[in-house]
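Bear in mind that the values here come from a model prediction, so they are computed numbers and not experimental data. Order of listing sets the numbers, starting from 1, for every ligand and every atom in it.
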Amino acid sequence: MKTPEQYIASLRKLNLEVYLLGERVKDPVDHPMIRPSLNSVAMTFQLAQENEYKNLMTTSSHLSGKIVNRFTAIHQSAQDLVNKVKMQRLLGQKTASCFQRCVGMDGMNALYSTTFETDKKYKTNYHSRFKDFLQRIQEEDLVVDGAMTDVKGDRNLRPFQQADPDLYLRVVERKKDGIMVRGAKAHQTGMLNSHEVIVMPTLALREEEKDYAVSFAAPTDTPGLFFIYGRQSCDTRKLEGSSIDVGNHQYGGHEVLAIFDNVFVPWARVFLCGETDSVGALVERFAGYHRQSYGGCKVGVGDVLIGAASLAADFNGTAKASPIVDKIIEMVHLNETLYSCGLACSSEGHPTTAGNYEIDMLLANVCKQNVTRFPYEIARLAEDVAGGLMVTMPSEKDLRHERTGPYIQKYLKGVAAIPTEHRMRILRLIENITLGTAAVGYRTESMHGAGPPQAQRIMIRRQADLDFKKNLARNIAGIE
Ligand code: SF4
Ligand code: FE
């Protein structure tokens, strides 16, 4: 496995085409707006090196028997699924942000079973191709991104009905040695910190949409692939060099708009091409795994937010007031409810025909449905406990200024024993998670990441088995 240093060195070798604030970025690794997100991914390498966390962060590869980072592994048991969620909570706690490496893990686990099933049906050889790819990922401990969300154009139209056919990523040419693809993937988490990207279709497809039924892997610096960096709230604060004002100066996440402008993919990297009836299962499984993931990562970030709100109460002198105590209890209750869902869908996991383990789909969707709500309530309570100062405080520069500094020290003090700067740091951290750059991962991503609420409701309806419940009621009520 790679050390964090080796991981960062390997990213430097990539020749990524990245645009940010209207300019091509020469060196994404050291760019101050991008670097915190890289640090979050580096944590997945760092913790894998530490004895204390080896049990969660690593596992043995079912392909080679060697110890690999869990982010590159295929789940072999329900316990593996549980450990995945625990690992994600741990990383959320350590970074207070999105650590980005899960999308690839979830994509690879979904592809593992769907390539197996497609081969059985069509006598293709996607599964062995995929295993070859996976083996390299594990051996070199690479970061893989997972790209699913097409830009979609007019939502009222199918992919093939769009005025511009590229609004869903598609095969534009089939060649002897591979395929040419064109399109874009939106909201692409962690792309600039990844070595490879796995592309998957975004929705179940019809027979006439064969060109859109494509899944493949591409190196992130493959010709024709380029990235436009997504803005986050308060992002340019990272350019100011203040560790206080950004709230979390070490870690973060990022999303890009990824453009595939006639990208060539050799056949060895193609895992689905034209088999439209395999697409539904691939989309459902990837979404299911990622909905499970949120029962871990958001909980870890929630732990940091609850800790920050509790500290703010300590620093404000309100920690013992019963309404404050009750609000903190409510935050813990909501956060642990999310965790319970993440654990439940994992413990109830089952083997697929390919042998790897899949989560309980109903519980994974219930997990994510709760994630579309509870972090918002936890954030609301954190703001309530923190007080309005979290958004009205002067900057660090004013704190350091000769004329204004002493007055900020004096008048923004809470409890006498606590330095004003500590109070400012904690309030800025709350601002960061609820309104700033980390709010992308904690709030809006909780809504839309792994699919918006309605997507889970459709799955919940499908998995609900209402006939079974109706029969229960009939029996009890004495209806033949
Ligand atoms: Fe992982 Fe959570 Fe980020 Fe998705 S949102 S990549 S599950 S940390
Ligand atoms: Fe996500």
- Task: Identify whether NZ of Lys or CZ of Arg in Arg89 sits under 6.0 Å from the centre of the six-membered ring of Tyr339 and within 45° of that ring's axis.
- Result: yes
- Message: For His350 and Tyr357, I'd like to know if the aromatic rings sit close, meaning centre-to-centre distance below 6.0 Å.
- Response: no
Side chains of residues 431-442: which donor-acceptor partners sit under 3.5 Å, not counting sequence neighbours?
unit_1, atom_1, unit_2, atom_2, d
Glu431, OE1, Arg237, NH1, 2.9
Glu431, OE1, Arg428, NH1, 3.0
Glu431, OE2, Arg237, NH2, 3.1
Glu431, OE2, Arg428, NH1, 3.4
Asn432, ND2, Val246, O, 3.2
Asn432, ND2, Thr437, OG1, 2.9
Thr434, OG1, Ile430, O, 2.7

- Query: Nearest to atom 5 (S) of ligand 1, what protein heavy atom do you find, and at what distance?
  - Reply: Glu445 OE1, 2.9 Å
- Query: How are the rings of His75 and Tyr289 set to each other: parallel, tilted or perpendicular (split at 30° and 60°)?
  - Reply: tilted
- Leaving waters out, which protein N, O or S atoms fall under 2.8 Å from atom 1 (Fe) of ligand 1? Cys102 SG
- For Asp106, all residues meeting salt bridge (charged side-chain N to carboxylate O under 4.0 Å, His left out), sequence neighbours excluded: Lys84
- Query: Taking only residues two or more places apart in sequence or in another chain, which ones pass salt bridge (charged side-chain N to carboxylate O under 4.0 Å, His left out) with Glu445?
  - Reply: Lys298
